[in-house]
Amino acid sequence: MSTAVPILSVEKLAKRFAVPRSLTSRIMGEPPLAVHALNGVNLDVHRGETLGIVGESGCGKSTLARCLVRLLDPDQGVVRFEGKDIATFRQAERRAFNRRVQMIFQDPRGSLNPRMTVRQTLTEALSVHAMRPKAEIPARVMELLDLVRLPADAAGRYPHEFSGGQRQRIGIARALSVEPEVIVADELVSALDVSVQAQVINLLLDLQERLSLTVIFVAHDLRLVRHISHRVAVMYLGQVVEIAPVEALFTAPQHPYTRALLDAAPELDPTRRSRKAAARGELPSPLHLPPGCPFASRCPYVFDRCRVENPLLTPRGAGHRAACHLDALPKPVISSPGVLAESIAVSRE
Ligand code: SF4
């Protein structure tokens with residue numbers, strides 16, 4: 001991997017969301033509560049790579065994605081773009097950042113104006129950032145449709161006239177219209193049928209190569225993440241607990257949670273999926289973070305130190321880091337990780 005300055009990086013990123021208090025809670029004088037969505041995330045994203053970010057629902061991966069594109073401001077920590085703190089950007093830099101880093105959302109229906117044709121949507125995107133002289137915009141709209149493999153007559157149609165996969169292509173075309181360098185894709189295909197997912201993923205892979213894009217691919221589907229990513233970061237309770245090149249992570253995980261997550265993947269071992277085990281190994285509440293390792297309450301290898309000291313990410317091989325007090329992950333214990341994997345399989349649904 002390149003030793004150049006990462007195109008994006010985050011350091012000690014923290015984000016909390018206040019929980020609305022009931023009247024009773026106010027009268028009783030109970031202290032306000034907050035969901036700890038991100039708890040000290042450190043991460044580098046290298047130019048030209050696809051970084052997969054995985055974890056269970058509520059692990060903070062979507063909050064992290066939104067902080068990366070400035071849709072959310074973190075409470076603590078720094079997001080850097082090409083080494084510069086994005087919170088310090090003045091108007092011109094901020095505008096350039098907003099163009100160079102684009103987000104594609106899970107549900108394009110929510111982000112596409114239903115009253116605008118595809119031509120109007122793309123023309124607006126091209127005009128806002130003055131990407132082309134006015135006279136060249138119609139031709140560029142056609143180029144963009146061709147880029148995402150939509151027919152030319154799509155330009156005159158409205159979002160409701162398209163299938164989910166086609167709408168996602170329109171969302172990709174709109175993101176590409178401003179010629180970004182980084183794409184943050186949050187659950188890009190999770191609302192689509194499996195056959196359509198493959199088409200959209202293959203399109204994204206093709207575009208990444210042709211346009212030298214950097215892609216941050218946030219997803220809970222490990223098959224997709226393995227297929228598309230160069231590196232993968234695993235999140236748990238608002239922290240990155242393991243990050244590694246994709247094959248190292250999938251074949252030799254170094255964190256007990258990663259191993260359980262892989263064990264829970266239905267395509268790897270469908271016979272283990274069972275709702276009976278859902279009551280075991282619950283995710284701790286993000287309202288009350290446990291002291292020490294966030295995974296201690298579910299970990300089959302927990303020992304005293306884990307309950308008082310939160311482990312840092314430490315090297316486990318080339319480009320491989322894990323946050324665990326164990327020097328190496330023991331061979332699987334037959335019963336406990338299986339039960340844990342089953343509970344994770346249920347909580348991912
Ligand atoms: Fe398990 Fe302890 Fe490692 Fe946390 S630090 S993952 S509790 S062994």
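Because the structure is a prediction, the values reported are computed rather than measured.
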Inset, instruction - Work out which heavy atom in V178 is nearest to a heavy atom in A125; give both atom names and the distance. - result: CG1-O, 3.7 Å
Legend entry - Minimum heavy-atom distance G165-V196, with the two atoms named: CA-CG1, 3.5 Å
Is it true that [X] and [Y] make a salt bridge, defined as a side-chain N closer than 4.0 Å to a carboxylate O?
| X | Y | value |
| --- | --- | --- |
| R100 | E93 | no |
| D73 | K15 | no |
| E124 | R115 | no |
| R259 | D263 | no |

Can you name the residues that form a side chain to side chain donor-acceptor pair (under 3.5 Å) with [X], not counting sequence neighbours?
| X | answer |
| --- | --- |
| R174 | S111 |
| E161 | none |
| E242 | T258, H320 |

Legend entry - Pairs touching residues 202-216 that satisfy salt bridge (charged side-chain N to carboxylate O under 4.0 Å, His left out), sequence neighbours left out: R149-D206, D206-R210
Inset, instruction - Could you tell me which residues satisfy ring-ring contact (aromatic ring centres under 6.0 Å, His included) with F81, sequence neighbours excluded, listed by chain and number? - result: F97
Legend entry - Contacts of type salt bridge (Lys or Arg N to Asp or Glu O under 4.0 Å), residue R305, not counting sequence neighbours: E309
Inset, instruction - Report the relative orientation of the aromatic rings in F295 and Y236; use parallel for angles under 30°, tilted for 30 to 60°, perpendicular for over 60°. - result: perpendicular
Is there a donor-acceptor pair closer than 3.5 Å between any side-chain N or O of [X] and the backbone N or O of [Y]?
| X | Y | value |
| --- | --- | --- |
| R167 | P159 | yes |
| Q254 | C324 | no |
| Q102 | N98 | yes |

Inset, instruction - Verify the distance criterion only: is there a donor paired with an acceptor across the side chains of R99 and H129 at less than 3.5 Å? - result: no
Legend entry - Heavy-atom side-chain contact between V41 and L38 under 4.5 Å: yes
